[in-house]
> 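This is the structure I want to talk about, given as structure tokens.
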Amino acid sequence: MPTNSFPAELTVSPIPAFDDNYIWCLHNEQYAVVVDPGDADPVLAFCEQHHLQLAAILITHHHRDHTGGIGKLTSTVNELPVIGPRGGHITGITKSVAQGDLVKLPLINREFSVLEVPGHTLDHIAFVGHNALFCGDTLFSAGCGRLFEGTPGQMHRSLNKIKRLPASTVIYCTHEYTQANVNFALAVEPDNSALLEYDQWVKDMRSQQLPTLPTLLATQITINPFLRCDITAVKESVIAQANTELSDEIAVFTHLRQWKDNF
Ligand code: ZN
Ligand code: FE
């Protein structure tokens, strides 16, 4: 199952926050970069415990559970870069980025490219590099983000952007929604053997209170119905549920997302 893909000198740790958020922390022995700090206190505690200096914040979208800690962190750490979506609507962002921009993080020796992935929100971006993807609330293990602002077509396109990354990409999602998502995925594809096997692994991990994340893109392509709208079994299941013919993949995705919303 997925393991950390970074070289030994960089570690990516999940800092749990709220009920089911993970604030991903990329750190070496001295510096830390956090993604989507919805809460400052667990980040400050983690940095203190591991003797780390906070070097930057990355933000994927404007929701409070991803941005709520910015104020306290920037007032605690001097001149802390906060890199996130453009638009000026997120207080505390010091560097706005858009599709294709390169985010340089010299203190942890990493560079990430920005992917625009609208759907969950319109401002949603993801950070990709070094065989890793920090995707916020766009993709979850066995699921995807709710459509709060974008259209199903936008989200479908965003997920396809992710799907085209190398299958070895390690995906760092922001929420531990995996078991509930797997329960839904099994309703869509009860005979998917990879999914049945994954369900057992998730149950095992969660019974030990261990995270099911990160996950591999290769795994998601075999188990995540939202990346499988082109697969006959998924299409037939969604058509049966919707009780209508669905002309294209976006229509399948649209009904699949609605089905999950009401599941
Ligand atoms: Zn969100
Ligand atoms: Fe969230």
Side-chain angles (χ1 to χ4, degrees), residues 12-26 33-43 46 57-73 82-93 96-99 112 114-128 132-159 161-162 170-184 202 206 211-215 220 224 226-227 253 256-258 260-263:
V12 184
S13 307
I15 303 175
F18 310 118
D19 289 338
D20 50 34
N21 285 62
Y22 295 127
I23 300 168
W24 293 104
C25 179
L26 299 74
V33 171
V34 289
V35 185
D36 287 349
D39 192 1
D41 292 338
V43 172
F46 185 89
I57 293 174
L58 304 181
I59 298 292
T60 64
H61 67 293
H62 68 86
H63 283 160
R64 193 76 194 153
D65 64 308
H66 300 248
T67 58
I70 296 174
K72 186 165 180 181
L73 291 173
V82 183
I83 300 143
R86 59 188 165 171
H89 57 298
I90 304 172
T91 308
I93 297 253
S96 303
V97 288
Q99 174 71 35
F112 293 103
V114 174
L115 291 183
E116 287 182 353
V117 285
H120 176 67
T121 61
L122 290 176
D123 69 348
H124 210 305
I125 58 173
F127 300 92
V128 64
L133 174 76
F134 296 89
C135 64
D137 289 353
T138 298
L139 185 67
F140 295 124
S141 183
C144 75
R146 266 175 200 269
L147 302 178
F148 285 113
E149 295 174 9
T151 64
Q154 276 175 319
M155 187 58 142
H156 182 255
R157 208 172 311 127
S158 295
L159 292 174
K161 251 186 197 181
I162 292 173
V170 181
I171 301 179
Y172 296 84
C173 324
T174 317
H175 289 274
E176 182 62 63
Y177 289 160
T178 310
Q179 184 65 69
N181 286 341
V182 167
N183 296 345
F184 173 70
V202 171
R206 297 310 292 152
T212 60
L213 299 166
T215 181
Q220 292 307 310
N224 190 327
F226 295 96
L227 297 180
F253 178 81
L256 181 64
R257 188 57 257 183
Q258 276 169 12
K260 173 70 169 70
D261 289 341
N262 299 309
F263 188 71

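What you see below is based on every heavy atom in this structure, not just the backbone, and it leaves out hydrogens, waters and symmetry mates. In each ligand, atom 1 is the first atom listed, and ligand 1 is the first ligand listed.
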> What distance separates H156 NE2 from L256 CG, expressed to the nearest 0.5 Å?
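Reported to 0.5 Å precision, the distance equals 10.0 Å.
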
> For this output row, return yes or no: ring centroids of H124 and H63 closer than 6.0 angstrom.
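H124 vs H63: aromatic centres not under 6.0 Å.
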
> Taking 2.8 Å as the limit, list every protein N, O or S atom around the Fe ion (ligand 2), by chain and residue number.
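Listed by chain and number, the atoms are D65 OD2, H66 NE2, D137 OD2, H175 NE2.
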
> Going through the distances and angles, do D137 and R146 end up as a side chain to side chain contact (heavy atoms under 4.5 Å, CB included)?
CA-CA 8 Å; D137 289 353; R146 266 175 200 269; over 6 Å; no

> Looking at Q220 and A142, would you say the former's side chain and the latter's main chain have a donor-acceptor pair under 3.5 Å?
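Looks like yes, one N/O pair under 3.5 Å.
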
> Tell me which one of F140, F127, F134, Y22 satisfies ring-ring contact (aromatic ring centres under 6.0 Å, His included) with Y172.
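Option passing the ring-ring contact (aromatic ring centres under 6.0 Å, His included) with Y172: F134.
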
> Which side-chain N or O atoms in residues 85-92 pair as donor and acceptor under 3.5 Å with protein atoms at least two apart or in another chain?
unit_1 : atom_1 : unit_2 : atom_2 : d
R86    : NH2    : E116   : OE2    : 3.0
H89    : NE2    : D123   : OD2    : 2.6

> Listing residue and atom name, which protein N/O/S atoms are closer to the Zn ion (ligand 1) than 2.8 Å?
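Near the Zn ion (ligand 1), below 2.8 Å, one finds H61 NE2, H63 ND1, H120 NE2, D137 OD2.
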
> Check the pair H175, L213 against side chain to side chain contact (heavy atoms under 4.5 Å, CB included), reporting the backbone distance first and the verdict last.
CA-CA 9 Å; H175 289 274; L213 299 166; over 6 Å; no

> For the CD1 atom of I59 and the OG atom of S96, what is their distance to the nearest 0.5 Å?
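Separation between the atoms: 11.5 Å.
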
> Return the set of residues passing side chain to side chain donor-acceptor pair (under 3.5 Å) with R257 (not counting sequence neighbours), or none when no residue passes.
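For R257, the residues satisfying side chain to side chain donor-acceptor pair (under 3.5 Å) (neighbours in sequence not counted) are D261.
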
